[in-house]
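Reading through the structure tokens given below for one structure.
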2 protein chains.
Amino acid sequence: MSALKLANLPESTRRLAETSPTLPEGVRPSGPRGIVLDAALRLFAEHGFAGASIRDIAQAAGVQPATFYAHYPSKEHLLADLIRIGHEAHHQRLRAALLDSSPDPRQQLMAYVRAHVRMHCELSMLAIVANSELHVLNAELAGPAATLREQSTQLLAEVIERGRRAGVFSVPDTWLAVAAIGGMGLRVAYWFSSHHELSAETVADTYAQFACRIVGVHDSNGVQK
Amino acid sequence: MSALKLANLPESTRRLAETSPTLPEGVRPSGPRGIVLDAALRLFAEHGFAGASIRDIAQAAGVQPATFYAHYPSKEHLLADLIRIGHEAHHQRLRAALLDSSPDPRQQLMAYVRAHVRMHCELSMLAIVANSELHVLNAELAGPAATLREQSTQLLAEVIERGRRAGVFSVPDTWLAVAAIGGMGLRVAYWFSSHHELSAETVADTYAQFACRIVGVHDSNGVQK
DNA sequence: GTCTATATGAAGATAGAC
DNA sequence: GTCTATCTTCATATAGAC
């Protein structure tokens with residue numbers, strides 16, 4: 001990708017709606033390293049890992065390409081850092097949501113989905129990079145994130161299984177429900193942006209209602225028309 | 001991506017479960033052009049457009065890199081061809097499903113989702129490339145596919161709107177229901193494979209049931225537990 | 001830490017023989 | 001149509017001055 005193409009982006013269909021990179025509270029390094037991380041987050045989200053070069057990232061960060069290597073040993077390590085941050089933020093929010101929830105399976109499901117969707121709204125670039133570029137990393141660098149991903153999926157599976165055993169949920173296949181609920185939330189990162197007419201809260205609440213319906217729970221509160 | 005990395009793929013997390021490229025009936029060219037198209041489909045699906053080189057594609061197809069240019073004027077035109085094929089196959093299947101369906105909104109929704117999900121099972125690599133690489137194309141090459149995509153989305157929106165007006169469906173926001181139902185089906189392409197323990201039919205039927213539930217329709221038939 | 005300059009290889013694409 | 005050979009640009013990454 002040339003610098004010229006970067007400037008001409010608006011002419012082509014965008015990969016995602018969001019235009020500004022956001023990193024979770026407290027993890028963004030100060031100084032040039034944070035600027036480089038922001039630039040890489042945006043460019044990896046928009047063009048993918050292979051579609052954004054060190055030169056592109058350095059230019060977007062306002063430094064020379066060689067300066068990048070004062071902060072990261074390689075482009076792949078930079079990606080690994082972003083993917084780690086993304087998976088940790090995701091998993092931590094899910095776990096916190098479940099810990100704050102009442103033990104009722106329906107409340108747990110709604111808490112999980114709300115946190116899942118809110119993360120994909122508020123950290124959409126990070127979610128896209130973490131989800132769609134993990135395959136680029138070698139086994140050693142991908143391992144920790146892959147483990148977190150599996151644990152996050154497992155959390156949802158357990159919520160649904162508990163609801164089934166309690167006779168509250170009714171689904172033909174737990175794994176398919178997990179895939180459907182997780183997948184629909186994941187896709188939010190591509191069309192949501194901080195300028196969307198709907199708020200992240202509204203989207204999260206509505207998707208939580210959709211998730212309840214998927215597992216066969218009728219509405220008792222929440223958004224309705 | 002080097003040839004060496006290609007051979008070592010199993011060591012890293014895969015982007016998708018499917019391993020063999022499939023093109024829709026009747027559109028795969030015979031001879032070397034079809035072999036090149038198959039090779040590009042697999043490599044673009046696994047590594048993305050920017051992550052697969054002409055040299056990789058040529059090697060996978062068993063020809064020299066220069067031979068590629070006897071069939072396509074550029075790498076971007078090859079991608080445009082795959083994306084066109086994918087969007088046309090998707091749209092044609094959706095339209096056929098709706099035409100074959102009774103006018104009942106619930107039947108139409110199930111027909112749409114079944115076709116949507118089956119396409120993402122049976123042509124998973126094509127769906128991934130068409131969906132996740134469109135942003136690479138310039139406006140001229142992306143235009144036709146973007147139009148088809150919008151029309152396919154609009155079809156689902158109209159089905160849901162009709163169901164709402166008929167008082168059969170109950171959703172807080174048509175667009176969010178479209179995004180959720182479309183998105184969960186799209187994600188199937190990443191985890192389904194021709195060797196999956198569940199059949200494409202089973203997945204499609206279950207997702208059709210999920211879609212009915214999302215729009216607030218109770219079960220009357222279909223998979224249930 | 002940041003720079004200029006550069007080593008080394010891989011990228012897309014073409015020339016021209018057969 | 002396919003090949004060998006090659007042009008040109010861009011890639012990741014490093015050396016070494018400040």
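Keep in mind that what you see is a predicted model, and the values were worked out from it rather than measured. Letters A, B, ... are given to chains in the order of the sequence lines, protein chains preceding strands, and every chain is numbered from 1.
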task: List in numerical order all residues of residues 61-73 of chain A for which some heavy atom is under 4.0 Å away from an atom belonging to DNA chain D.
output: A:A66, A:Y69
Starting at atom [atom1] of [X], determine the distance to atom [atom2] of [N], rounded to an integer number of angstrom.
X: B:D56; N: C:dG12; atom1: CG; atom2: C1'; result: 13 Å
X: B:H77; N: C:dG12; atom1: NE2; atom2: P; result: 15 Å
X: A:L78; N: D:dA13; atom1: CG; atom2: P; result: 11 Å
X: A:L43; N: D:dA11; atom1: CG; atom2: P; result: 12 Å
X: A:I35; N: C:dG1; atom1: CD1; atom2: C1'; result: 13 Å
X: A:I54; N: D:dT14; atom1: CD1; atom2: P; result: 11 Å
X: B:Q59; N: C:dA11; atom1: CD; atom2: P; result: 11 Å

message: Check the orientation of A:H47 and B:H135. Use parallel for under 30°, tilted for 30 to 60°, and perpendicular for over 60°.
response: tilted
message: Let me confirm one number: the CZ-OG1 distance from B:R114 to B:T206, rounded to the nearest 0.5 Å.
response: 10.5 Å
Salt-bridge criterion met for B:R93 and B:E88 (N-O under 4.0 Å): no
Qualifying ring pair (Phe, Tyr, Trp, His ring centres under 6.0 Å) pairs, either residue in residues 13-44 of chain A, two or more places apart: A:F44-A:F49
task: Taking the six-membered ring of A:F68 (Phe, Tyr or Trp), confirm whether the NZ or CZ of A:R33 is under 6.0 Å from its centre and within 45° of its axis.
output: no
query: Is the NZ or CZ atom of B:R187 positioned over B:Y190's six-membered ring, under 6.0 angstrom from the centre and within 45° of the axis?
result: yes
